[in-house]
Amino acid sequence: MNAGRIITIGLVSIFCVGLYLVSLFVPGSLDGALSYMVANGPVAAEQKSVFWYTIWVSAFLLVAVGGVFLYAIFRFRAKPGQDFNVPEQSHGSTMVEVGLIVVSCVLLLFIAIPNINALRFVSEVPQARKGEAIKVIAIGHQWWWEFQYPELGITTANEMHIPVGKPIDIEIRSVDSLHSFWVPQLAGKMDAIPGQHNTMWLQADKADKYYGHCTEYCGDSHANMRFFVMADEAADFDKWVKHETSNAVAPDTVEQINGHRVFMQGCNSCHALTGTDAMGVVGPNLTHFGSRTSLGSAIFPNDTKHLVDWLKDPQGVKPGNKMNLEQVNMVLSNTDINDLVAYLQSLK
Ligand code: CUA
């Protein structure tokens, strides 16, 4: 290898390491809502610890192998005025070859064993804690998440509530393409694969609103397939469960009554409202839509402006989503939209 090539490789390596170091200081990369460097539960903590362990073992290997390499380059370089002699050539050394294979295998075991242990830990609620676990089925749809709590009789969307300090036993499914469930500060990623039920678990150690994101490319609105995990104190979670298991409230004002009528003329074929004739399963269950903080799969705040925008042009605000009013010949007048908003917001 000539000097020019060595210098080029050196410069490219320094550039790459520099780029990586700079990326660490981009706001949010280490402490942001989507950073797995902030672990707020045992599963995330285990993943973070095995990540750092693997990094340190790899760094040791890089320094050890790179160090010997650099030493050899400088120690045995051709010095000025020195005759260039090819050293005496030999073929093979059983001891060196077997030794290198053994050392490589041992080093791989050093990385493999903690990683396999971590994989086993994160894929299932620990045996001793199974009794207190709450079961949630997380189902990926293009492009939103459905959350079912089979033991509690709850079906909701895009905002998954859990009690702080309790293990949550999650089964991951998909109804269409591949998706992947990831809440960086709590756990993941786990793929959602049609026809397959994958498992994982998570636990939040402090009450907070955690960001989640689909992390497997799944089509037009993959980037818009977000969700929240709301970790509540025990009493708040119990209150939420009680509330979620109640039926949709009946419309009250003139606007709400008209909104309900419009809903039952089309929206009901895709959306369900528990306790009414609306039993659609294509879109999110809207029984308690008014009490959610976000809409459109956690991409907008759940306020009047965004709800109006959504109803006026769902394809414009979330390209490709299944709510295509033109396709189903649904024309909503401004009055319809106004009344639908009043009705949906009343569904607390
Ligand atoms: Cu679902 Cu990407």
Side-chain angles (χ1 to χ4, degrees), residues 28-29 32-38 41 43-44 47 51 119 122-123 135-150 154-162 168-202 204 209-231 270-272 280-286 289 292-302 306 309-310 313-325 327:
S29 69
L34 284 172
S35 171
Y36 57 87
M37 287 292 143
V38 182
V43 175
Q47 290 178 316
F51 168 80
L119 270 179
V122 304
S123 65
K135 170 118 188 158
V136 176
I137 303 173
I139 306 169
H141 294 254
Q142 282 173 330
W143 289 274
W144 57 283
W145 290 95
E146 178 177 348
F147 297 114
Q148 296 178 354
Y149 299 63
I154 292 172
T155 298
T156 186
N158 303 324
E159 293 185 4
M160 169 180 161
H161 282 252
I162 62 170
I168 312 298
D169 174 9
I170 307 182
E171 183 180 310
I172 314 272
R173 301 182 188 171
S174 167
V175 297
D176 36 49
S177 60
L178 291 178
H179 303 279
S180 188
F181 183 94
W182 190 36
V183 193
Q185 296 194 4
L186 297 180
K189 314 162 173 174
M190 179 54 75
D191 278 358
I193 301 170
Q196 190 169 317
H197 297 176
N198 286 344
T199 61
M200 61 177 279
W201 72 287
L202 57 77
K209 180 175 177 176
Y210 297 97
Y211 282 83
H213 207 300
C214 174
T215 175
E216 178 81 49
Y217 180 69
C218 53
D220 290 1
S221 267
H222 159 68
N224 297 323
M225 191 168 164
R226 304 176 203 169
F227 61 102
F228 289 117
V229 174
M230 317 291 216
C270 292
H271 296 280
V281 292
V282 175
N285 183 308
L286 298 178
F289 171 80
R292 290 188 206 142
T293 66
S294 61
L295 66 89
S297 194
I299 57 174
F300 302 117
N302 189 3
H306 289 97
D309 288 349
W310 178 274
D313 184 15
Q315 292 301 311
V317 295
K318 188 167 178 178
N321 87 80
K322 295 243 163 71
M323 184 158 155
N324 193 324
L325 300 179
Q327 237 169 41

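Because only heavy atoms are used, hydrogens play no part in the values below, and waters and symmetry mates are left out as well, while side chains stay in. First listed ligand is number 1; within each ligand, the first listed atom is number 1.
- Of the possible polar contacts, none joining the Asn321 side chain to the Ser221 backbone as a donor-acceptor pair under 3.5 Å is found.
- Of the possible polar contacts, none joining the Glu171 side chain to the Val136 backbone as a donor-acceptor pair under 3.5 Å is found.
- Within His179, ND1 is the N, O or S atom that lies nearest to atom 1 (Cu) of ligand 1.
- His222 contributes atom ND1 as its closest N/O/S atom to atom 2 (Cu) of ligand 1.
- Judged purely by atom type and a 3.5 angstrom limit, Asn285 has no side-chain atom pairing as donor or acceptor with the backbone of Ile154.
- Between the side chain of Gln315 and the backbone N or O of Gly320, at least one donor-acceptor pair lies under 3.5 Å.
- Put simply, Tyr217 stays out of reach of atom 1 (Cu) of ligand 1, with no N, O or S atom under 2.8 Å from it.
- Taking the six-membered ring for Trp and the full ring otherwise, Phe228 and Tyr210 have centroids separated by 6.0 Å or more.
- Closest approach between atom 2 (Cu) of ligand 1 and any N/O/S atom of Glu216 involves O.
- Rounded to 10°, the angle formed at atom 2 (Cu) of ligand 1 by SG of Cys214 and SG of Cys218 is 120°.
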